[in-house]
Asker: 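Before I ask anything, let me first share the structure, which is written out below as structure tokens.
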Amino acid sequence: MHAAVALTAIGALALTACSGESNDTSSSAPASTSSNKFTIAYNGDGGHQAWVDAVANSIKNTLGIQAEGQPYATFAELRQDVQDRKMTGAFRTGWQADYPSLYNFLGPLYGTGAGSNDGDYSNENFDNLLRQGLTAGSVEEANGFFDQAQEQLFTDLPVIPLWYSNVTGGYSENVSDVEFGWNSQPIYSAVKKDGGDGIVIANGSEPANPLVPGMTNETGGGRIMDQIFQGLVSYKADGSPQNELAESIESEDSQLWTIKIKPGHKFQNGEEVTAKSFVDAWNYGALLSNAQLSSYFFESIEGFSYDEDSELALDIVDDHTFTVKLAQPEADFPLRLGYTAFMPLPSVAFEDMEAYGQAPIANGPYIVKEGSWKHDTSIDLVPNPDYDGPRTAANKGIRFVFYTSQDTAYTDLLANNLDVLDAVPDSAFATFETDLNGRSVNQASAVFQSFTIPEKLEHFSGEEGILRRQAISMAIDRTAITDAIFQGTRTPAKDFTSPVIAGWNDSLKGSEVLDYNPEKAKELWAQADAISTW
């Protein structure tokens, strides 16, 4: 998710572009005599060196300070130091939305004490605006508060927004009706394949965990789970929700929700999907001792605890109705219910969850073909004959091949040995649209890229820190970098969310801090130096 020879060459181009003739101010940048270095940590196994070097050089050329990348060998090593709060400089971050809501980009990343708040940002005004948004009477009203919360972020800049990532993909000559959705994933069920066995071959990666709703929080497992499970709602290509198993999701106060399930739907073993299927699955996913990776999705439900085992405030009314009581009113609660963590489970799953995760009994448009999961190689999904919903399979099945190199996957695509690719390698950015001759995709997706400057770093707290963060942001020529390195597959950021999310706003107060403005950047840096010399 995250081809190195090519990146080295285009990285050099980006460094030139960042100080091109039309914007060149590097000659007037102040010369720094400080031994202080501004560093941006990144994982070397993810193809990030070129853009990190380009960003660092843009900062260096504008502000006249030492700025450079700090490589980690692997993503796992980088994340470990981030989680252990061992970072001594800035570090690359990003977010792909779990569900199509502005809040999903804001609350988990910047709310005080939130699980993905890697920089330990805390602002009372920001938190209050989040709460007001969550308790608003409608999604539209909520988005107004979330916009105000972003305006606070523009002042404080706990992270430096860089760009939105497009989904760049393609498909072979063997398939048709290929469409990509809001979350960068192909709409696999709609893909048609004529000839052969009718099975669509798609790229994938070995799931990091067993195929259990509460344990699946990465793309390898997520793309499979989205096909084999049917939840209360699913998302259309544009991100708008549509009912699947839900007959209705209603509330008079946005706190106590009544959910009615359509009767007659079954898991592949014949067991009916009932209210209990959801209540038991959600309680399992939330229970502390079960250590489910996605347990935090249930924290808004009354009864959830990070400290002890406790049951959620879920009550079964009848076989097809249950209620959910939230800890506070939240208008966008129904938007979340298409995410993997909220899928139902059959009763047999609770007999041996580990075994279930290796051979899941599902209820979605596809089911896992028995014995087909060859770890680190591939997995086969076949259409579920009992599925009755909006995502009925238009093909004979999907085979996800677990590639370890996107370059290899791309080579297979060009040879028509792979039917659908959802991530073109960096090495092909300049050529893939020509190579694929009308069979390529390059569109906005719900992925936001940034780098985080931890609150604890010297020179980056208080008034001095705000000035330096704003200066660094204005010292980055996002347009030149995205053009030179990413060949039009990234779009300079205008906020902290994504243009594919309903309510996105590119004209928020304070967003000018994301504009390349070398003179203003130097002015702000000098003001910070007046407080404490760099």
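The shown structure was predicted, so the numbers you read here are calculated from the model rather than taken from an experiment.
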Asker: Just verifying a value: how many Å separate Phe400 CZ and Arg223 CZ, rounded to the nearest 0.5 Å?
Answerer: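 These two atoms lie 6.5 Å from each other.
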
Asker: So does Gln83 have more than 12 non-hydrogen atoms from other groups sitting under 6.0 Å from CD?
Answerer: yes

Asker: Answer yes when Asp120 and Arg85 have at least one side-chain N-carboxylate O distance shorter than 4.0 Å, and no when they do not.
Answerer: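 Looking at Asp120 and Arg85, the cut-off is met.
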
Asker: Compute the ring centroids of Tyr235 and Tyr99, then answer whether they are less than 6.0 Å apart.
Answerer: no

Asker: Glu330 and salt bridge (charged side-chain N to carboxylate O under 4.0 Å, His left out): which single residue from Arg336, Arg131, Lys325 fits?
Answerer: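 With Glu330 as partner, salt bridge (charged side-chain N to carboxylate O under 4.0 Å, His left out) holds for just one option, Arg336.
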
Asker: Within a reach of under 6.0 Å around NZ of Lys369, are more than 12 heavy atoms found that belong to other residues, nucleotides or ligands?
Answerer: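 Count not over threshold, so no.
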
Asker: May I ask you to test the Gln292-Val212 pair for a side-chain heavy-atom distance under 4.5 Å?
Answerer: yes

Asker: Side chains of Pro108 and Asn104, heavy atoms from C-beta outward: is any pair under 4.5 Å?
Answerer: yes

Asker: Specify whether Trp504 and Tyr164 have parallel, tilted or perpendicular ring planes, treating 30° as the upper limit for parallel and 60° as the lower limit for perpendicular.
Answerer: perpendicular

Asker: Among Ile361, Ile228, Asp386, Val382, which residue meets the side chain to side chain contact (heavy atoms under 4.5 Å, CB included) test with Ile367?
Answerer: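 Testing each of Ile361, Ile228, Asp386, Val382 against Ile367, the sole residue satisfying side chain to side chain contact (heavy atoms under 4.5 Å, CB included) is Val382.
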
Asker: With side chain to side chain donor-acceptor pair (under 3.5 Å) as the criterion, how do Ser234 and Glu244 come out once you've worked through the C-alpha distance, each side chain's angles and the decisive distance to 0.1 Å?
Answerer: CA-CA 6 Å; Ser234 61; Glu244 283 224 21; 2.8 Å; yes

Asker: Between Phe342 and Phe298, is the ring centre distance below 6.0 Å?
Answerer: yes

Asker: For Lys396, is the NZ atom crowded, meaning more than 12 foreign heavy atoms sit under 6.0 Å from it?
Answerer: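 No, because the 6.0 Å sphere around NZ of Lys396 holds 12 heavy atoms or fewer from other groups.
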
Asker: Using a cut-off of 6.0 Å, state whether more than 12 heavy atoms not belonging to Gln255 lie near its atom CD.
Answerer: yes

